[in-house]
Every structure is written in C-alpha cells, then in structure tokens.
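Order of the sequence lines sets the chain letters (A, B, ...), proteins ahead of strands, with each chain counted from 1.
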Protein chains: 4
Amino acid sequence: MKSTDGVQYRRPRADSERNRSEILSQAEKHFTDHGVNASLETVARSAGVGSATLYRHFPTRDALLAELLQRRNVRIDEERARIKTVADSGVALEQWLDALESYFTAFDGLPEPLRNAFVEEHNPLALTCEGFVDYTEEFLSAAQRDGKASPTARGRDLFLAALAVSWVRDAALSDHSSPRRLRGLIANGYTRVSAAERS
Amino acid sequence: MKSTDGVQYRRPRADSERNRSEILSQAEKHFTDHGVNASLETVARSAGVGSATLYRHFPTRDALLAELLQRRNVRIDEERARIKTVADSGVALEQWLDALESYFTAFDGLPEPLRNAFVEEHNPLALTCEGFVDYTEEFLSAAQRDGKASPTARGRDLFLAALAVSWVRDAALSDHSSPRRLRGLIANGYTRVSAAERS
Amino acid sequence: MKSTDGVQYRRPRADSERNRSEILSQAEKHFTDHGVNASLETVARSAGVGSATLYRHFPTRDALLAELLQRRNVRIDEERARIKTVADSGVALEQWLDALESYFTAFDGLPEPLRNAFVEEHNPLALTCEGFVDYTEEFLSAAQRDGKASPTARGRDLFLAALAVSWVRDAALSDHSSPRRLRGLIANGYTRVSAAERS
Amino acid sequence: MKSTDGVQYRRPRADSERNRSEILSQAEKHFTDHGVNASLETVARSAGVGSATLYRHFPTRDALLAELLQRRNVRIDEERARIKTVADSGVALEQWLDALESYFTAFDGLPEPLRNAFVEEHNPLALTCEGFVDYTEEFLSAAQRDGKASPTARGRDLFLAALAVSWVRDAALSDHSSPRRLRGLIANGYTRVSAAERS
DNA sequence: CATGAATGAGGGTTCATTCAT
DNA sequence: GATGAATGAACCCTCATTCAT
C-alpha cells in the first residue's frame with residue numbers, strides 16, 4: 001500500500017536534497033540564535049527530519065558548521081577582492097583582519113571549533129582555516145614587502161590572533177572596548193612607547 | 001591551632017572538612033586529567049560522597065573551580081613576590097604575564113570559564129579574575145612609569161590578552177610555537193618593523 | 001491487524017512497542033504493589049530501559065498513569081454496557097457508581113491524581129475524568145427521568161463523590177465499613193429519617 | 001563546664017523552648033503558604049535551627065502538624081461552645097460540620113494526613129481525630145434524638161464525610177460549587193426527590 | 001538511505017532522615 | 001541535647017550518538 005511498485009518515485013534523492021537544505025537553513029537559524037552549541041536535536045526537529053538523518057548528512061557538528069561557513073565564504077571572498085584593491089598594503093592587512101573577526105562572530109562560540117580544527121588533522125573545518133591562513137599570508141606578505149609589517153610575523157599567527165580576539169569578543173558583551181583594545185595590542189604591542197611619549 | 005586550651009566547645013566540623021578536602025583533591029585530579037569539564041558525578045564518586053554532598057559544598061562547577069584555584073594562589077603569590085624584586089619593570093611585567101599564562105593552563109579549558117566569569121557579575125571566579133587584573137595593573141603601572149610600556153594599555157587588557165594566549169595554547173598541542181608567537185605579537189605588535197629591518 | 005498483506009514497509013516500530021509495552025507492564029506491577037507514587041526509576045530499571053526512554057514515552061507520571069488506566073477502560077466499558085441493560089435506572093446508577101469506585105481503587109493513591117487532573121487543564125488524566133463524568137451524567141439523567149434521583153444532582157458531583165469515597169477507602173484498610181457507609185450517606189443523606197423511624 | 005557550678009543557667013531549657021516555639025511559628029507560616037508538605041528543611045532554616053533540631057522536637061511531620069493543630073483547637077472549641085447553644089439540633093449538627101470543614105482547610109493538603117491518622121494506631125494526629133469524632137458524635141446524637149438525623153449514621157462517618165468534602169475542596173480551586181454540592185449530597189443524598197418534584 | 005526511537009550518561013536539584021561531633 | 005553536614009534516592013530533563021527496521 002502507499003505507492004505500489006511499478007514506477008519508483010526515486011523520492012530518496014529529491015527528499016535528500018530538500019532535507020539537507022532544510023537542515024542547513026534551520027541550523028543557520030539556531031546557531032545564530034543560540035550559538036554553535038545549539039541542540040542538534042532541535043535543529044533536526046525544526047527541519048522536520050529525524051536526528052539520524054541530520055547525522056547522516058553531517059556526521060559531526062563541525063561538518064554541519066563547515067557547510068554553513070562555506071555558504072558565507074562568498075561574502076568574505078567579495079570582501080577580500082575589495083581589500084585587494086586597497087593601495088596601502090598595511091591598511092589592507094588591517095582590513096582583512098577586521099573582515100576575519102567579523103566572520104568569526106557569525107555565531108556565538110564559533111572561535112572555539114575553529115581553534116580546535118586548526119590543530120586537528122581530519123576536521124571538516126580545517127580546510128576553512130587553512131584557506132584563511134593562506135589569504136592572511138598573502139596580505140601579510142604584501143605588507144611585509146612594503147615594510148608595513150614585521151618580517152617575523154606569519155600568516156598563521158595573525159589568523160590565530162584574530163581568532164583569539166574574536167574569542168574575547170564572544171564573551172565581552174558588556175565590554176565593547178576590550179576586543180578593540182586587544183586588537184590594538186596585537187597591532188602595536190604593549191611595549192611600544194610612542195616617540196611623543198618617550199620624549 | 002584548632003584550640004588546645006582546656007575546654008573546647010564549638011568543634012568546627014570534622015568529616016565535613018574531610019569530605020570537602022577529598023572532593024577538592026579528586027576534582028584536582030579529574031580536572032587535571034580531563035579538563036575543567038570533567039564529570040562532577042565521577043568526582044563525587046571518586047571522593048566517596050554522594051552528588052548531593054558535592055552540591056552542598058560547591059553549588060556550581062565554577063564554585064568548585066574557584067576553590068581549586070584558590071589553593072593554587074599560594075604558588076602564584078610567591079611567584080608574584082619574587083617578580084616584584086626584579087629590577088627592570090618591563091621584564092617584571094613580562095614575567096608576570098608568563099606566570100599568568102602558566103596559571104591559566106592549570107587545567108585544560110580553564111580560560112573559558114575565566115573569560116565568562118570576567119563578564120558575569122555573580123560568578124565565584126570573578127574575584128579571582130579581579131585579583132589578577134589588579135596585580136597586572138600594578139606591574140603595568142610600574143612599567144609605564146619607567147617608559148617600558150605603552151601608557152594607553154590597561155591591566156584588564158593585558159589580563160585578557162594573557163587569557164587569550166592561554167586559550168590558544170589550550171588547543172595548540174601540536175604547535176608549541178603559536179602561543180609564544182602570539183605572545184610576541186601582543187608584546188611588540190605585528191606592525192613594528194625593527195630598525196635593522198627597515199634599513 | 002499489523003498488516004499481513006504482501007509487501008509491508010513502514011513497519012510501525014518494533015522495539016519501541018516492546019519497550020513501551022514492557023514499561024507499562026512493569027508500571028502496572030509497581031503501581032499495584034506500591035501505589036501510584038512508586039519510583040519511576042525503578043519502573044524503568046525493571047523494564048530494562050533507561051529513564052530517558054521512559055521519559056520519552058511518558059513525559060510525566062500522569063501520562064503513564066493515563067495509559068495504564070486506558071487499558072483498564074476496556075473492562076469498565078464492558079461493565080458499563082452490562083449496567084445499561086439494568087432495567088431500574090436507580091439501580092443502574094448505583095451499580096455504575098460502584099464500578100467507578102472499584103476502578104478508582106486500581107492503585108493505591110489513584111484518587112489523588114484524578115482529583116488534581118479534574119481541575120487542571122492540560123493533564124493527561126483529564127480526558128479520563130471527563131469521560132467518566134459524561135457516563136455518570138448519562139446514568140444520572142436516566143435516573144432523574146424516572147424520579148429515582150434528585151434533579152439537582154449533577155454528573156460531576158457524583159463523580160467527585162465516588163472519588164471521595166475511594167479516597168476514604170484508600171486509607172481505611174482496617175475499617176471496611178467506612179467507605180460503604182459514606183457511600184450510603186451520599187445516596188441517602190444523613191438527614192433522612194425513614195418513615196418507620198419517624199413513627 | 002561552661003557555666004561553672006552554683007547557679008545552672010539551664011540554657012538548654014530556655015533555648016529549647018525558644019527553638020520549639022520558633023519552629024512552630026515558622027511551620028505555621030510555611031504550611032499556610034505551601035501546604036502541609038512544605039519542606040521541613042526550609043522550616044528549620046527559617047526558624048534558625050538545624051534540621052536535626054526540628055527532628056528532635058517533632059520526630060515526624062505529623063507530630064509537628066499535631067502541635068500546630070492543637071493550637072488551633074482553642075478556636076474550634078469556642079466555636080463548638082457557641083454551636084452548643086443553638087436550639088435546633090439539626091442546625092447545630094450542620095454548623096458543626098461546617099466548622100470541621102473550615103478547620104480542615106487550615107492548610108492545603110491537611111485532609112490527607114488526618115485521613116491516614118484515622119487508621120493508624122500510633123499517629124500523633126490520631127488524638128485530634130478522635131476528639132473530633134467524639135464531638136461529632138455528640139452533635140449527631142442530639143440530632144438523632146430530635147429526629148433530625150438518621151439513626152444509622154455514626155459520628156465517625158460524618159467526620160470522614162467532612163474530611164472527604166475538604167479533600168475535594170483542596171483541589172477544587174476553580175470550582176467553588178463542588179464542595180458545597182458534595183456537602184449537600186451527604187446531607188440529603190442524591191436519591192431523595194423532593195415532594196414537589198415527585199408530583 | 002531515512003527514520004523514529006533507544007540509549008546511557010550527565011546535570012542540577014530537592015528532601016527526609018541519620019551521623020559525627 | 002543541639003547541630004551542621006552527610007547521605008542516598010529520586011526526579012526531571014537534555015543531548016550526542018547509535019540501533020532496528
């Protein structure tokens with residue numbers, strides 16, 4: 001009963017795509033509202049699928065997260081293209097780090113899994129991280145060539161720094177200046193005393 | 001100390017202290033082995049008490065953590081006393097930040113609750129944070145007086161910076177250089193180009 | 001019934017049914033032995049399932065209770081059908097109230113949750129109560145039509161009365177006559193003095 | 001020791017009395033606010049004593065309850081004296097039952113322990129129950145002598161009936177008429193059809 | 001494959017009763 | 001005797017992950 005043999009509707013495929021898409025959409029919503037640790041169960045329910053279905057599509061939370069971020073990459077890619085046109089390589093680097101930080105605050109708690117992925121081999125988010133490290137490296141190199149950045153700095157360091165700043169920002173709801181100030185420290189260091197001050 | 005004089009009334013407690021102490025001891029062990037999110041249930045079992053007893057002594061995980069840290073404060077207080085004798089205030093500040101970072105790696109995942117406590121009013125860990133901010137402020141002030149630190153820096157910024165570095169270190173098992181490098185960035189900034197380099 | 005026709009997909013469940021059934025069976029046992037406040041934890045253990053499974057099937061004790069009673073409804077429905085054939089509507093009403101009281105003593109302490117459900121909107125037992133009120137109303141109406149019952153009585157009153165009698169019976173282990181006598185009071189009132197007595 | 005010789009401060013007694021009194025006072029408050037199943041722990045805390053102290057004074061919840069009721073007995077005794085002066089013994093009985101029901105609603109959930117005490121031998125509340133049964137018996141006997149009450153009724157039956165009505169009232173927050181109607185049933189029975197109706 | 005349900009562990013909490021002092 | 005704390009059981013609930021179908 002209920003669909004007798006003969007023609008096979010091949011529903012699976014269609015359903016599958018629809019499910020996957022609905023899961024992503026709901027995950028986006030829940031992660032935005034409740035952070036990256038939102039209940040996957042709830043996400044599945046909202047998407048109208050069983051938890052096992054979610055699990056099949058995205059074996060880990062990070063896999064789901066990776067997909068969500070992938071979709072956002074379009075935006076930051078555009079931003080990156082724009083920054084590339086900035087004449088001053090030092091300013092460009094700065095703007096790129098800004099862009100990174102904005103990206104990292106897409107969901108509450110996002111820095112955490114990214115940090116973990118950074119050191120885990122087979123993490124679905126690792127690719128995302130590596131991409132960002134590469135891009136950072138590019139902007140950094142340009143700045144270094146122009147004497148706008150310390151030659152000892154590395155792309156991965158600045159990536160981690162941006163991540164750390166975002167991590168601080170994650171909790172500093174009541175303290176908007178802290179992330180900005182940490183950002184300043186990373187740019188200029190706390191040991192630097194301006195010429196005016198030194199006098 | 002427990003009073004040896006003649007009549008002794010008001011015996012403080014007895015097995016209460018024993019239990020409390022045993023709980024702390026087991027918590028220390030489990031937190032050390034499995035990070036700050038180790039199962040409290042297991043801690044209680046290891047200490048030979050029911051979960052209700054643990055709950056009575058430490059209503060939240062953070063309360064337990066606060067006690068554990070309290071015990072470590074002796075160590076860092078000694079360290080702080082030592083650092084205070086360092087002649088160069090810039091070096092002293094550096095060493096203090098080192099000490100902080102060591103402290104923050106006492107347990108895996110410790111930076112997280114500390115960061116949260118930093119912005120939560122009624123968190124048992126808040127006091128710990130505030131104390132550290134104050135101490136950092138002292139070392140920083142001295143360095144600023146001597147022109148060894150930027151006058152715009154604040155104690156709380158450096159505290160958060162140390163926390164952030166420890167957070168990075170938390171995951172960077174395979175990458176020992178990253179925290180050190182992040183530390184360097186915070187000290188000197190990535191925009192500083194040494195005179196030698198500039199030439 | 002479970003469909004025996006040719007191809008059968010959408011097998012309803014399998015171990016789900018088994019678990020549910022086992023839970024109900026064990027609950028029946030434990031509630032019978034220890035009253036409606038028996039430990040649900042124990043019920044779950046006896047049924048060989050985790051408490052979460054029990055929770056999934058029956059989110060509250062009342063939900064579980066409602067199911068157990070549902071199963072008994074077959075019996076009382078049969079009884080009701082039988083009583084409907086009784087010629088004397090006054091006798092029928094009496095027998096129905098007897099049946100109700102028997103039903104209410106299925107488990108020790110049952111009257112309590114039923115009473116509560118009676119005034120709570122979203123209680124799983126509320127439906128059960130309402131059903132009984134309706135049936136009582138039917139028997140009562142018939143009796144009233146035949147002048148065998150006071151026209152001012154309402155079904156819900158008699159339902160509550162039966163519940164109250166059962167509540168008394170719940171504790172009156174050593175005093176078998178009390179419930180019967182209370183029953184008599186409700187039927188005839190304590191102010192009625194028979195003609196013989198009046199003479 | 002502590003308080004040497006001579007005059008013995010006999011603090012124990014004084015403290016004990018004060019504690020006992022404070023416990024009763026707080027129990028009254030909490031039972032009034034949250035019913036007879038209010039947390040004894042909380043009562044003890046409110047009274048400024050340890051739970052063990054409460055336990056020593058009142059080994060069971062019922063013992064505590066019995067004391068609280070004892071204090072209220074003054075009131076109902078006065079009421080009883082007043083009712084005794086009522087000329088019509090039927091009216092007097094009615095008023096006494098009213099008084100009983102008021103008494104039973106002193107605390108939410110009071111009917112339950114009273115019912116239990118009624119059949120338990122060594123329950124501190126048993127005396128209270130017995131007293132009430134006796135008083136009810138007196139009023140009932142008078143009414144029976146005057147042909148105002150059925151000679152087959154017994155004091156204990158009416159006592160239980162009043163208890164049952166109060167039990168119903170305990171939950172019938174949203175349904176004020178139910179207890180009154182149940183009361184009516186017990187007085188007149190549902191089988192009585194008035195002469196006017198019979199015609 | 002998709003799925004609903006099961007699972008097991010943990011969390012936080014409350015409480016009546018009993019111990020150690 | 002009075003006390004603060006311990007105890008152990010229970011409750012309700014949540015979740016990530018894994019089965020059975």
Between Arg20(B) and Glu67(B), does any NZ, NE, NH1 or NH2 come within less than 4.0 Å of an OD or OE carboxylate oxygen?
yes
Take Arg18(B) and Thr60(B), find for each the nucleotide of DNA chain E with the closest heavy atom, and name the residue whose nucleotide sits nearer the 5' end.
Thr60(B)
Expressed as a whole number of angstroms, how long is the span from His34(B):NE2 to dG10(E):P?
11 Å
Hey, is the side chain of His57(C) poking within less than 4.0 Å of OP1 or OP2 on dA6(E), counting only N and O atoms?
yes
Taken to the nearest whole Å, CZ/Arg45(C) to P/dA9(F) is 9 Å
When we call it a touch if two heavy atoms are under 4.0 Å apart, what does Ser51(A) touch: a base, just sugar-phosphate, or nothing?
base
Starting from P on dT14(E), measure out to CG on Leu54(B) and report it in whole angstrom.
15 Å
Looking at every non-hydrogen atom in both residues, tell me the closest pair between Ala38(D) and Arg61(D) and how far apart they are.
O-NH1, 2.8 Å
Contact nearer the 5' end of DNA chain F, comparing Ala52(B) with Ala38(C)
Ala52(B)
Kindly point out which of dC1(E), dC15(E), dA10(F) is positioned nearest to the side chain of Ser39(C)?
dA10(F)
CZ of Phe58(D) versus C1' of dG1(F): gap in Å, rounded?
15 Å
Under a 4.0 Å threshold between the charged nitrogen and the carboxylate oxygen, would Arg115(D) count as salt-bridged to Glu112(D)?
yes
Plane angle bin for Phe107(B) and Phe31(B) - parallel if under 30°, tilted between 30 and 60°, otherwise perpendicular
perpendicular
Using a cut-off of less than 4.0 Å, is there contact between a side-chain N or O of Tyr55(B) and OP1 or OP2 of dG12(E)?
no
Across the strands shown, which category fits Thr53(C) at heavy-atom distances under 4.0 angstrom: base, sugar-phosphate, nothing?
base
Heavy atoms, side chains only, cut-off 4.5 Å: are Cys129(D) and Leu114(D) in contact?
yes
Atom pairs and distances, side-chain donor-acceptor, residues 53-60 of chain C, under 3.5 Å, sequence neighbours left out:
{"unit_1": "Thr60(C)", "atom_1": "OG1", "unit_2": "Asp62(C)", "atom_2": "N", "d": "3.4"}
{"unit_1": "Thr60(C)", "atom_1": "OG1", "unit_2": "Ala63(C)", "atom_2": "N", "d": "3.0"}

Write down the distance between CD (Glu41(B)) and C1' (dC13(F)), rounded to a whole number of angstrom.
14 Å
Dot-bracket assigned to DNA chain F with the 3.5 Å Watson-Crick/G-U criterion, [ ] for crossing and | for other-strand pairs, is .||||||||||||||||||||
Would you say dG11(E) has OP1 or OP2 under 4.0 Å from some side-chain N or O of Arg61(B)?
yes
Return the value, rounded to whole Å, for the distance between atom CG of Leu40(D) and atom C1' of dT17(E).
10 Å
Rounding to an integer number of Å, can you tell me how far Leu65(A) CG sits from dA16(F) P?
13 Å
Donor-acceptor contact below 3.5 Å, side chain Ser46(B) vs main chain Thr42(B):
yes
How many Å lie between CG on Asn37(B) and P on dG12(E), as a whole number?
10 Å
Can you work out whether Asn19(B) or Thr42(C) has the more 5'-proximal nearest nucleotide on DNA chain F?
Asn19(B)
